[in-house]
Every structure is written in C-alpha cells, then in structure tokens.
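So the structure is just underneath, and the comments pick up after that.
Labels below follow one simple rule: chain letters A, B, ... track the order of the sequence lines, proteins then strands, and each chain is numbered from 1.
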Protein chains: 2
Amino acid sequence: MQAQSAALDRMFHALADPARRVMVDRLTRGPATVSDLAKPLAMSLPAVVQHLQVLELSGLVYSEKNGRVRTCRIEPKALRTAEDWIAERRTVWERRLDRLGEVLLEIEAEEKSTKGRTK
Amino acid sequence: MQAQSAALDRMFHALADPARRVMVDRLTRGPATVSDLAKPLAMSLPAVVQHLQVLELSGLVYSEKNGRVRTCRIEPKALRTAEDWIAERRTVWERRLDRLGEVLLEIEAEEKSTKGRTK
DNA sequence: ATGATACTTAAGTGATTACTTAACTATAAA
DNA sequence: TTTATAGTTAAGTAATCACTTAAGTATCAT
C-alpha cells in the first residue's frame, strides 16, 4: 500500500491544474482529439500535449493514435480512486461527529435526570 | 464561477502531497496539535508547518492557537467540494455510457427484428 | 528567574512545473 | 507530388515547490 500513494500523488496533481480540469471535463462528454482538447485553451499545442501526458501518467486519461489523429478518453475507474480517498476520510470524520453527538446527548440526558436531586 | 477554479487548484494541490494526506488522514480522527501532525513524518517541524499552511490556504484545514499550542481540525465542507467536482464528472460520464448502452440495445433489437426480412 | 516546550520566521537550495519557440515527422488531401 | 493537417520532440526559462538549517518568540513548569 505504498505504491498507492504515488498514484494518488499523480492523480491529485493532475487535477490541480485548471487547464487539465478543462480537459477532463471535456472528456467526460465523450472522446476527443488533441486539437479538440486544445481548442478552448489559451496555450500552444505542445503545452496541451504536455498536460495530456500528465493526465495519462496519472491514469485518468488514455489515448490511442489512428493515422495522424490521437483520440483521448477518460478512465472513470481512476477518477473513482481519487474520489474514494476523499470520501473515506470525510466518512471517518462524519462517523466521529455522530459518536460525539451521541455522547453529548447522553451527557445532556444525564444532567436532566440528575437535576434537582443531588447538590 | 472563476474563483471556484483557484480554490479547486489549491485543494487538489494540497491533496497531491503524501505528507499532507497523512496530516489530513490524522485530522479525520480528531483534532491534533502541530507536533501531533509532525510525529509520523520524517521531516523538520518547519517543513510540517509549511505543509499546514498549504492545507489552511486550501481551506481543507483550519487551526487556532491556545497558549503555545496550535490545534488543527479539518473542514469537511472543503473536503466535499473536491469530492463533488470529481463525482460530477464521473456521473456525467456514466450517464453518457448509459445512454450509449440504450442506443446499442436499440440497434441490436432493430437488427434482430429486421433479420431475414430485407436483403 | 531559568529552562524546557511549542511553535515561528527567515533565508537559502536543488528539483520540478508550466509554459515557450523552433524544428521535425508522419498522414491525408488536392 | 506538392501542400496542408495533426501531432511530436527538443531545448530553454521563469516561477513555484519541498525541503533544509539557524535563529528567533512566546508560553508553561520548576
């Protein structure tokens, strides 16, 4: 479970750039060529290709070349890996809050039942 | 909806470092001091404080100082913001696949009903 | 008051990023 | 067979990153 960490590094790092998120967003609406991905971005084609490489190394996107056109798609399983990491932590925290809430209710009930008797 | 992007930049970037993920993970189990957070990490205290600053600027963590001790907590709402961005994209993609599946089933049905009649 | 604790601030460094331009390589079209 | 298209490769650069060590500054305990 140490290789997992490097994979998460790469995924979150890939998602940390606005241009790359635009690319991912575009790919959720269906496959796209490199030029398609470049169209809404105010940067050179090589820059887009470099972003694409980051996305591919992260496992979030894969692509294949047919003739002179490269077609890119998202890998939803990878998207899920990143999502799950966050969800697990959030869940642990929320369960903790639930338990805390129960304890507080118990204390409150205890105080009510005790009120006026002792002291 | 342009400021949102910078916030996501900061959040995903914050989560892209293994040391910071260890810190977040620790904080889901309850509040911790700076030294608590530093304990499992093989780096100097100032380095930990710098990571903490990244986490605070991202909104994922906040902290307050009492006496000489700084107590840190996670902000689950921020955690959810990052989680939701991913979940939304994944959902768009999955709905797309569903529609695609329907279309394929229709085509399949069409082909079956047509088989042997024409051609 | 003195020392130990819990950070904090500042400054420096090597590595990595996110670009750029220029030059190149296939493939497809005219 | 020339010419345009789609992408690739290489090299350079300014900015940001993830640390480090050294030297603080408040608190708290004795």
Side-chain angles (χ1 to χ4, degrees), chain A residues 2 5-27 30-74 82, chain B residues 2 5-27 30-74 82:
Chain A
Q2 188 57 38
S5 184
L8 285 169
D9 286 7
R10 285 190 293 266
M11 274 184 236
F12 284 127
H13 171 238
L15 293 175
D17 184 277
R20 288 195 291 261
R21 283 200 308 279
V22 166
M23 292 169 76
V24 167
D25 193 52
R26 167 63 188 79
L27 289 175
T33 67
V34 174
S35 323
D36 287 342
L37 294 178
K39 222 162 284 171
L41 300 174
M43 64 180 69
S44 66
L45 229 220
V48 173
V49 171
Q50 280 166 34
H51 282 303
L52 181 59
Q53 269 162 21
V54 172
L55 287 169
E56 292 208 50
L57 285 174
S58 79
L60 286 166
V61 168
Y62 64 97
S63 71
E64 52 183 342
K65 202 165 178 180
N66 275 63
R68 61 184 167 172
V69 176
R70 179 172 293 279
T71 302
C72 312
R73 296 159 208 277
I74 34 157
Chain B
Q2 186 59 38
S5 183
L8 284 169
D9 285 8
R10 285 189 294 266
M11 273 184 236
F12 284 128
H13 171 236
L15 292 175
D17 184 279
R20 287 194 293 259
R21 283 200 307 279
V22 166
M23 292 168 76
V24 167
D25 193 52
R26 167 63 187 80
L27 289 175
T33 68
V34 174
S35 323
D36 286 343
L37 292 178
K39 222 162 283 171
L41 299 173
M43 64 179 69
S44 67
L45 229 222
V48 173
V49 172
Q50 280 167 33
H51 281 304
L52 181 59
Q53 269 162 20
V54 171
L55 287 169
E56 293 208 50
L57 285 175
S58 79
L60 286 166
V61 169
Y62 64 97
S63 71
E64 52 184 343
K65 201 165 178 177
N66 275 64
R68 61 185 167 171
V69 176
R70 179 172 293 280
T71 302
C72 312
R73 297 159 208 276
I74 34 158

Look at the side chain of [X] and decide which nucleotide, out of [options], has an atom nearest to it.
X: B/Ser35; options: C/dC19, D/dA18, C/dA6; value: C/dA6
X: A/His13; options: C/dT17, C/dT20, C/dA6; value: C/dT17
X: A/Pro46; options: D/dC19, C/dC7, C/dA22; value: C/dA22
X: A/Val69; options: D/dA18, C/dC19, D/dA6; value: D/dA6

**Prompt:** Can you find a donor-acceptor pair, distance only, under 3.5 Å between A/Gln50 side chain and C/dC19 base?
**Reply:** yes
For a quick test of reading the model: is some side-chain N or O of [X] closer than 4.0 Å to OP1 or OP2 of [N]?
X: B/Thr33; N: C/dC7; value: yes
X: A/His51; N: C/dC19; value: yes
X: B/Arg70; N: C/dT8; value: yes
X: B/Arg68; N: C/dT8; value: no
X: B/Lys65; N: C/dT8; value: yes

Is any side-chain heavy atom of [X] closer than 4.5 Å to a side-chain heavy atom of [Y]?
X: B/Val24; Y: B/Leu55; result: yes
X: B/Leu52; Y: B/Arg70; result: yes
X: B/Asp36; Y: B/Thr33; result: yes

**Message:** Any side-chain to backbone donor/acceptor pair from B/Arg20 onto B/Leu15? Under 3.5 Å, distance only.
**Reply:**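 Looks like no, no N/O pair under 3.5 Å.
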**Item:** Side chain A/Asp25, main chain A/Val22, donor-acceptor under 3.5 Å
**Value:**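 Here the side-chain-to-backbone pair does not exist.
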Starting at [atom1] of [X] and ending at [atom2] of [N], how long is that distance when rounded to a whole Å?
X: A/Arg10; N: C/dT16; atom1: CZ; atom2: C1'; answer: 15 Å
X: A/Lys39; N: D/dT5; atom1: NZ; atom2: C1'; answer: 13 Å
X: A/Asn66; N: D/dT8; atom1: CG; atom2: C1'; answer: 17 Å
X: B/Leu41; N: C/dC7; atom1: CG; atom2: P; answer: 14 Å
X: A/Leu52; N: C/dT17; atom1: CG; atom2: P; answer: 16 Å
X: A/Leu45; N: C/dA23; atom1: CG; atom2: C1'; answer: 15 Å
X: A/Asp9; N: D/dC17; atom1: CG; atom2: P; answer: 15 Å
X: A/Glu64; N: D/dA6; atom1: CD; atom2: P; answer: 18 Å

**Item:** Touch class at under 4.0 angstrom, heavy-atom based, for A/Ser44 against every strand present
**Value:**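 Base: the residue A/Ser44, judged by heavy atoms under 4.0 Å, touches a nucleobase.
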**Request:** Return the 5'-most residue of the pair A/Ala42, B/Val34 with respect to DNA chain C, ranking by each residue's nearest nucleotide.
**Result:** B/Val34
